[in-house]
Amino acid sequence: MNDNIQNVLPPIVDESTHVLILGSMPSKLSLEKQQYYGNPRNHFWSIIGEILLEEVPDDYTKRMELLKKHHIGLWDTIQSCERQGSLDSNIRNIVPNDFKQLFIKYPNIRLLLFNGGKAYSVFKKYMGLQLLQKIDYAKMPSTSPIPGKNIKSFDEKVEEWRVMKRYL
């Protein structure tokens, strides 16, 4: 049985955001904790720490401050969906987030990084890449702890995610 899931995590973005990292839909654990990348096994925060050369605080509010200090924002491509468990492959009946309005409100976003293939495919299908006329984008290896087809080492992931440095 699929659960109807509403993404209740607001976008972490403001006028100073240059890099916007997009996931697909938060895991059940992240939604329960009300935190982006709330699963401690997810590599996201470790990758961010390596790239920014900063210690990532345990406190979630301080993590958000760290991202904002470096002009990094977070959001997801999916506003609501049906999903059993937390796997992206189980996502059905997608309602996407409204990126047209987000880009109008925050015109300083210069780079979108899609955290994994599902985030990229949802954006491409529902918004279209033509929406990104003045915004660079890249599909990144997923930071998820769940094994996938194209497993990369932590160091390989960090190297690919380093593309954001040019935009910070």
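Everything numeric in this text was worked out from a predicted model, so none of it was measured.
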ask   = How long is the span from the CD1 atom in Ile12 to the CG atom in Leu67, to the nearest 0.5 Å?
value = 8.0 Å

request  = Could you note down all residue pairs passing salt bridge (Lys or Arg N to Asp or Glu O under 4.0 Å) where residues 41-56 supplies at least one of them, sequence neighbours left out?
outcome  = Glu54-Lys69

Show me the donor-acceptor pairs within less than 3.5 Å that the side chains of residues 121-139 make with the rest of the protein, sequence neighbours left out.
residue : atom : partner : partner atom : Å
Ser121  : OG   : Gly117  : O            : 3.3
Ser121  : OG   : Lys118  : O            : 3.1
Asp136  : OD2  : Tyr167  : OH           : 2.6

query = Is a side-chain donor or acceptor of Lys157 paired with a backbone partner of Pro141 at a separation under 3.5 angstrom?
reply = no

key: Listed partners of Arg166 passing side-chain contact (heavy atoms from CB on, under 4.5 Å), at least two apart   = Val163

query = Is there a donor in the side chain of Ser153 and an acceptor in the side chain of Asp155, or the other way round, less than 3.5 Å apart?
reply = no

key: Least distance between heavy atoms, Ser24 atom then Ala119 atom   = N-CB, 3.8 Å

ask   = Taking only residues two or more places apart in sequence or in another chain, which ones pass side-chain contact (heavy atoms from CB on, under 4.5 Å) with Gln79?
value = Gln6, Val95, Asn97

Exercise answer: donor-acceptor pairs, residues 104-116 side-chain atoms, under 3.5 Å, sequence neighbours excluded:
residue : atom : partner : partner atom : Å
Asn108  : ND2  : Glu15   : O            : 2.8
Asn115  : OD1  : Thr143  : N            : 2.9
Asn115  : ND2  : Tyr37   : OH           : 3.1
Asn115  : ND2  : Thr143  : OG1          : 2.9

ask   = Of the non-hydrogen atoms in Pro26 and Leu9, which two are nearest, and what is the gap between them?
value = CG-CD1, 3.6 Å

Donor-acceptor contact present, side-chain Ser142 to main-chain Ser144, <3.5 Å = yes

query = Which value, rounded to the nearest 0.5 Å, describes the distance between Met140 atom CE and Glu160 atom CD?
reply = 5.5 Å

ask   = Is any side-chain heavy atom of Phe44 less than 4.5 Å from a side-chain heavy atom of Leu74?
value = yes

request  = Take Asp76 and Tyr36 through the side chain to side chain contact (heavy atoms under 4.5 Å, CB included) test and state the conclusion after the steps.
outcome  = CA-CA 9 Å; Asp76 291 297; Tyr36 283 98; 3.2 Å; yes

message = Under the rule for ring-ring contact (aromatic ring centres under 6.0 Å, His included), what residues qualify as partners of Trp75, not counting sequence neighbours?
response = Phe99

request  = Apply side chain to side chain contact (heavy atoms under 4.5 Å, CB included) to Ile48 and Ile21, showing your working.
outcome  = CA-CA 11 Å; Ile48 290 296; Ile21 298 170; 4.2 Å; yes

request  = Verify side chain to side chain contact (heavy atoms under 4.5 Å, CB included) between Ile51 and Val158, making sure each step is shown before the conclusion.
outcome  = CA-CA 7 Å; Ile51 291 169; Val158 169; 4.3 Å; yes

request  = Report the C-alpha separation of Asn93 and Cys81 in whole Å, then their side-chain angles, then the decisive distance to 0.1 Å, and conclude whether the side chain to side chain contact (heavy atoms under 4.5 Å, CB included) test is met.
outcome  = CA-CA 5 Å; Asn93 299 322; Cys81 66; 5.9 Å; no

Partner residues of Asp58 under the side-chain contact (heavy atoms from CB on, under 4.5 Å) criterion, sequence neighbours left out = Arg63

request  = Could you list the residues that satisfy side-chain contact (heavy atoms from CB on, under 4.5 Å) with Asp98, not counting sequence neighbours?
outcome  = Lys100, Gln101

query = Taking His71 for the side chain and Ser16 for the main chain, is one N or O donor matched with an acceptor at less than 3.5 Å?
reply = yes

remark   = The complete set of salt bridge (Lys or Arg N to Asp or Glu O under 4.0 Å) pairs with one or both residues in residues 20-35, sequence neighbours excluded, reads Asp3-Lys28

remark   = Closest heavy-atom pair, Val19 versus Thr17, reported as atoms and distance to 0.1 Å, is O-CG2, 3.4 Å

key: Atom of Leu66, atom of Pro57 and distance for their closest heavy-atom approach   = CD2-CD, 4.2 Å

request  = Could you tell me which residues satisfy salt bridge (charged side-chain N to carboxylate O under 4.0 Å, His left out) with Glu65, sequence neighbours excluded, listed by chain and number?
outcome  = none

ask   = Under the salt bridge (charged side-chain N to carboxylate O under 4.0 Å, His left out) test, which residues partner Glu159, sequence neighbours left out?
value = Arg162

query = Does Leu29 share a hydrophobic cluster with Tyr60, counting links as ILVMFWY side-chain heavy atoms below 4.5 Å and allowing steps through other members?
reply = no

inquiry  = For the CZ atom of Arg83 and the CD1 atom of Ile94, what is their distance to the nearest 0.5 Å?
reply    = 10.5 Å

request  = Tell me, please, which residues at least two apart from Phe154 pass ring-ring contact (aromatic ring centres under 6.0 Å, His included).
outcome  = His43

